[in-house]
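Residue numbers count from 1 along this sequence. This structure is a prediction, so every number in the text was calculated from the model and none was measured. Just so you know, ligand 1 is whichever comes first in the structure, and atom 1 is the first atom listed for that ligand.
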Amino acid sequence: MINIALSKGRIFVETLPMLAAAGIVPREDPEKSRKLIIDTNNAGVRLIIIRATDVPTYVQYGAADMGIAGKDVLIEHGGENLYQPLNLKIARCKMMVAAHPAFDYERAVRQGARLRVASKYLTIARDYFSAQGVHVDLIKLYGAMELAPLVKLADVIVDLVSSGGTLKANGLVPVADIMDISARLIVNQAALKLKRAEIQPLLDSFAKAIAAD
Ligand code: ATP
Ligand code: MG
């Protein structure tokens with residue numbers, strides 16, 4: 001049996017065609033079902049539906065043999081015990097620094113001011129500003145980062161941006177581009193050795209299904 005860990009929402013939706021390419025069709029829609037384990041048409045494959053940030057943890061400990069997680073989530077997790085064979089090129093977005101237009105980011109950075117940064121992605125934020133030689137106070141948030149500059153919790157936020165619609169709706173502007181993000185296939189290293197015969201064909205199908213660009 002192969003357990004594949006996935007999160008609901010965009011990762012699940014964008015993974016469906018890749019699963020289909022491997023001949024795997026879920027028996028239920030996790031958006032409609034409350035089940036956390038979803039069987040598929042393939043008796044040897046089931047899907048474990050968990051929070052996006054928990055996917056690397058399940059795979060790290062082998063509770064799931066493989067999973068799909070954003071590069072953001074993988075960097076924050078640390079990636080121990082995870083083999084990352086494929087960039088699936090789904091759930092694409094950018095990690096960016098954003099601020100209120102009244103905040104002069106360039107000037108603050110130039111003057112060596114200590115920046116207050118709010119984010120859910122503290123490792124990415126810490127590494128980015130340290131590489132830029134910018135001193136920061138990091139404030140951990142779990143969501144709705146756009147609010148932080150508006151109520152002066154922080155000078156800037158580090159957040160994922162795709163269309164930019166959420167930033168715009170809250171009157172914020174991107175001020176720096178940190179990295180491109182997309183979802184990766186992750187595999188437990190022990191499972192890869194012990195269940196190679198089952199896992200390798202899935203890897204091959206996923207590799208073929210990756211959007212060319
Ligand atoms: P939750 O929304 O349950 O708090 P989450 O934000 O981590 O959890 P999703 O919003 O489903 O979960 O995001 C899952 C992954 O999709 C993220 O880790 C990221 O890699 C990617 N992602 C997030 N936001 C976007 C976006 N706006 N466009 C494209 N991909 C995104
Ligand atoms: Mg989200």
Side-chain angles (χ1 to χ4, degrees), residues 4-19 26 28-38 47-60 63-64 66-80 82-99 117-128 138-149 153-154 156-187 206 209-211 213:
I4 304 178
L6 292 173
S7 52
K8 277 200 255 191
R10 56 172 65 85
I11 297 260
F12 184 84
V13 168
E14 296 188 35
T15 296
L16 277 177
M18 305 230 156
L19 290 171
E28 273 172 284
D29 176 355
E31 305 292 349
K32 296 192 185 125
S33 164
R34 291 183 182 209
K35 279 193 191 163
L36 300 174
I37 298 179
I38 296 200
L47 308 180
I48 297 182
I49 308 297
I50 50 184
R51 288 293 291 264
T53 44
D54 290 334
V55 168
T57 307
Y58 275 72
V59 178
Q60 166 189 12
M66 52 205 279
I68 296 176
K71 183 178 175 185
D72 50 320
V73 165
L74 290 169
I75 294 174
E76 295 299 322
H77 169 270
E80 307 96 82
L82 301 177
Y83 171 57
Q84 297 184 30
L86 293 173
N87 177 356
L88 298 174
K89 301 186 181 175
I90 58 172
R92 294 166 87 151
C93 51
K94 276 180 191 288
M95 190 65 77
M96 301 191 95
V97 184
V117 180
S119 188
K120 182 169 156 185
Y121 311 98
L122 293 196
T123 299
I124 292 173
R126 186 180 294 112
D127 291 353
Y128 174 73
L138 296 172
I139 301 170
K140 169 78 180 184
L141 292 178
Y142 292 88
M145 262 85 80
E146 297 79 13
L147 183 60
L153 175 65
V156 301
I157 59 171
V158 167
D159 198 5
L160 294 172
V161 178
S162 49
S163 68
T166 308
L167 286 184
K168 202 168 170 200
N170 289 289
L172 301 183
V173 289
V175 293
D177 196 337
I178 300 182
M179 66 175 79
D180 289 339
I181 299 287
S182 58
R184 316 290 156 126
L185 187 70
I186 56 176
V187 183
F206 283 147
I210 292 170
D213 57 344

Against ligand 1, does Ala91 come closer than 4.0 Å with any heavy atom?
yes
Any heavy atom of Leu160 closer to ligand 1 than 4.0 angstrom?
yes
Give the intermediate values and the outcome of side chain to side chain contact (heavy atoms under 4.5 Å, CB included) for residues Lys120 and Tyr142.
CA-CA 5 Å; Lys120 182 169 156 185; Tyr142 292 88; 5.6 Å; no
So is there a nitrogen or oxygen of Lys71 less than 3.5 Å from a nitrogen or oxygen in ligand 1?
no
Would one find an N or O of Arg10, backbone or side chain, under 3.5 Å from an N or O of ligand 1?
yes
Residue [X] vicinity, atoms of ligand 1 by number, heavy atom under 4.0 Å:
X: Val73; result: 18 (O)
X: Cys93; result: 22 (N), 25 (C), 28 (N), 29 (C), 30 (N), 31 (C)
X: Gly70; result: 20 (O)
X: Ser162; result: 26 (C), 27 (N), 28 (N)
X: Arg92; result: 28 (N), 29 (C), 30 (N)
X: Asp72; result: 17 (C), 18 (O), 19 (C), 20 (O)

For a side chain to side chain contact (heavy atoms under 4.5 Å, CB included) with Ile38, tell me which candidate from Leu6, Ile49, Ile4 qualifies.
Ile49
Contacts table for residues 51-60: side-chain donor-acceptor under 3.5 angstrom, sequence neighbours left out:
from, atom 1, to, atom 2, distance (Å)
Gln60, OE1, His77, NE2, 2.8

Main chain of Asn170, side chain of Glu146: is a donor-acceptor contact present, judged purely on distance under 3.5 Å?
no
Please state which part of Ile181 comes within less than 4.0 Å of ligand 1, counting heavy atoms only: side chain, backbone, both or neither.
side chain
Honestly, for Lys120 the part within reach of ligand 1 (heavy atoms, under 4.0 Å) is side chain
Residues forming a salt bridge (Lys or Arg N to Asp or Glu O under 4.0 Å) with Lys32, sequence neighbours excluded
Asp29
Going by the side chain to side chain donor-acceptor pair (under 3.5 Å) test, name the single residue among Lys71, Arg92, Lys94 that passes it with Asp180.
Lys94
Test item: side-chain donor near acceptor, Thr123 and Glu76, under 3.5 Å
yes
May I ask you to decide whether Lys8 forms a salt bridge with Glu31, counting only side-chain N to carboxylate O separations under 4.0 Å?
no
